[in-house]
Amino acid sequence: VQLQASGGGLVQAEDSLRLSCAASGLTFSNYNMGWFRQCPGKEREIVAAIRWSGDYTYYADSVKGRFTVSRDNAKNMVYLQMNSLKPEDTAVYYCAAARIWGTYARQYAYWGQGTLVTVSS
């Protein structure tokens, strides 16, 4: 199984960024997908999650109304559209896959390598 996250970069506050995650080696449509982020010295936290069917999503309170998670099961892709970015969104962002629905990192079996998002003020 391989999850390849991309799309990170250096942006200014209020800018937008779209992260992508390409999945291979698994039956993608069977997996719930999550986006997590981690700052140095902090625990990895859930940002957003989307059910295997795409009909249910979850967002952390800190990103509600600004971030949108979506998926394309035909392309084995999951996306995170991030708008109105804030400096506190600066982190390494990871995509992850889980057979069960959940918002805890321990529930996710497969992880991508992470992509760095830096938001300057």
| query | According to a 4.5 Å side-chain heavy-atom criterion applied to Ile, Leu, Val, Met, Phe, Trp and Tyr, with indirect links allowed, do Val119 and Tyr94 form part of one hydrophobic cluster? | reply | no
| Salt-bridge present (Lys64, Asp61; N to O < 4.0 Å) | yes
| message | Tell me the closest heavy-atom pair linking Ala96 and Leu3, and the distance in Å. | response | CA-CD1, 3.8 Å
| task | Nearest 0.5 Å please: distance from the CZ atom of Phe28 over to the CG atom of Asp72. | result | 8.0 Å
| Once you round to the nearest 0.5 Å, how far does CD1 of Ile50 lie from OH of Tyr56? | 12.0 Å
| message | Against the six-membered ring of Tyr79, is Arg71 placed for a cation-pi contact (under 6.0 Å from the centre, within 45° of the normal)? | response | no
| said: Taking the side chain as everything from C-beta on, heavy atoms only, tell me whether Thr90 gets closer than 4.5 Å to Glu88. | reply: no
| query | How many angstroms lie between atom CH2 of Trp52 and atom OH of Tyr31, to the nearest 0.5 angstrom? | reply | 14.0 Å
| query | Are Phe36 and Met77 connected in the hydrophobic side-chain network, where two residues link if heavy atoms are under 4.5 Å apart? | reply | no
| Closest non-hydrogen atom pair, Tyr108 against Asn32 | CE2-O, 4.1 Å
| field | Minimum side-chain heavy-atom gap Leu85-Phe67 below 4.5 Å | value | yes
| query | Hey, what do you get for CD (Gln38) to CD (Glu43), rounding to the nearest 0.5 Å? | reply | 8.5 Å
| query | Donor-acceptor pair, Gln113 side chain versus Ala5 backbone, under 3.5 Å? | reply | yes
| field | Considering all heavy atoms, the nearest Ser121-Ala13 contact | value | CA-CB, 4.3 Å
| Would Val47 and Tyr93 satisfy side chain to side chain contact (heavy atoms under 4.5 Å, CB included), going step by step from the backbone distance to the final call? | CA-CA 9 Å; Val47 175; Tyr93 284 71; 4.1 Å; yes
| field | Aromatic contact, Trp101 with Tyr58 (centres under 6.0 Å) | value | no
| message | Between Val117 and Trp111, is there shared hydrophobic-cluster membership here, with clusters defined by ILVMFWY side-chain heavy atoms closer than 4.5 Å? | response | no
| said: Is there a path of hydrophobic side-chain contacts, each under 4.5 Å between heavy atoms of I/L/V/M/F/W/Y residues, joining Val69 to Met82? | reply: yes
| request: Identify whether Val63 and Leu116 are in the same connected component of the hydrophobic contact network (ILVMFWY, side-chain heavy atoms under 4.5 Å). | output: no
| How many angstroms lie between CZ in Arg51 and OG1 in Thr57, if you round to the nearest 0.5 Å? | 10.0 Å
| request: Heavy atoms only: give me the nearest Ser16-Ser84 pair and the separation to one decimal. | output: OG-N, 4.3 Å
| note | On a heavy-atom basis, the closest approach of Ala97 and Leu26 is CB-CD1, 4.1 Å
| task | Mind listing the closest non-hydrogen atom pair of Gly102 and Gln107 along with its distance? | result | CA-OE1, 3.0 Å
| said: Let me confirm one number: the CE-CG distance from Met33 to Leu80, rounded to the nearest 0.5 Å. | reply: 11.5 Å
